[in-house]
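The block underneath contains the structure these notes are about, expressed in structure tokens.
First the proteins, then the strands, lettered A, B, ... as listed; each starts at 1.
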Amino acid sequence: SQQGEEDPQALSIQEGENATMNCSYKTSINNLQWYRQNSGRGLVHLILIRSNEREKHSGRLRVTLDTSKKSSSLLITASRAADTASYFCYGPLTGANSKLTFGKGITLSVRP
Amino acid sequence: DAGVIQSPRHEVTEMGQEVTLRCKPISGHNSLFWYRQTMMRGLELLIYFNNNVPIDDSGMPEDRFSAKMPNASFSTLKIQPSEPRDSAVYFCASSLVLGAPHNEQFFGPGTRLTVL
């Protein structure tokens with residue numbers, strides 16, 4: 001399996017603080033995506049960063065990609081209680097035998 | 001658009017029974033994915049289709065699982081016979097074009113399956 005592996009597995013912060021989550025993957029990617037899952041719901045796409053990009057912003061989200069280290073980070077600034085959710089990275093791979101899958105995700109708890 | 005539609009939302013059945021999960025992808029999407037989510041194993045890809053054709057079913061746990069996509073607007077995932085270890089939340093997702101740079105997946109609300 002070429003799944004992304006998120007780190008840490010769980011993160012608890014105070015509202016207003018920044019949350020940083022990391023993802024590592026094993027082989028080449030076309031792009032890397034981050035998704036959020038609220039309890040009892042399906043995943044929702046947050047942001048996509050292409051393999052030739054190093055950083056991307058969307059509102060309070062900032063994603064970085066380091067292809068040399070095969071890693072990505074998701075930063076949520078000025079967190080809110082509503083950001084409490086699980087976050088997954090997903091890396092569709094190049095190659096005919098690519099395996100598409102997600103990791104187990106990071107559980108983020110934002111305390112009011 | 002109503003998004004990806006899955007039915008039923010909840011299913012409780014007894015071991016040995018046949019279970020059929022249904023999915024309607026977003027209109028115009030060419031790729032469809034079936035996932036299974038458990039606490040122990042996380043989110044696992046079971047199978048995906050491109051233009052109604054199964055591309056990779058290597059994630060299907062065993063022969064008890066089968067999936068079909070008879071047309072662009074409907075897919076089923078069948079478990080026969082079901083076992084308690086099949087208890088999980090099953091998600092269906094669709095995407096505009098597999099392999100394209102902007103292949104964001106849109107997930108349905110999931111079907112929570114409990115096999116007693």
Over all heavy atoms of both residues, which pair between R41(A) and F91(B) is shortest? Give the atoms and the distance, please.
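In terms of heavy atoms, the two residues are closest at O-CZ, 3.5 Å.
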
More than 12 foreign heavy atoms under 6.0 Å from [atom1] of [X]: is that the case here?
X	atom1	answer
R60(A)	CZ	yes
N71(B)	CG	yes
E17(A)	CD	yes
E15(A)	CD	yes

Expected output: side-chain Y90(A) to main-chain Q105(B) donor-acceptor under 3.5 Å
no

So what's closer than 4.5 Å to chain A heavy atoms on Q6(B): side chain, backbone, both or neither?
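Looking at Q6(B), nothing touches chain A.
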
Same apolar cluster: L11(A) and V110(A), side chain cutoff 4.5 Å:
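The answer is yes; both residues are in one hydrophobic cluster.
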
CD of E104(B) to CD1 of I47(A): how many Å apart, nearest 0.5 Å?
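Taking CD in E104(B) and CD1 in I47(A), the distance rounds to 11.5 Å.
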
With a 4.5 Å cut-off on heavy-atom pairs, point out which of R112(B), E44(B), R41(B) contacts chain A the most.
R41(B)

Quick one: are N103(B) and N30(A) in side-chain contact, heavy atoms under 4.5 Å?
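N103(B) vs N30(A): side chains apart.
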
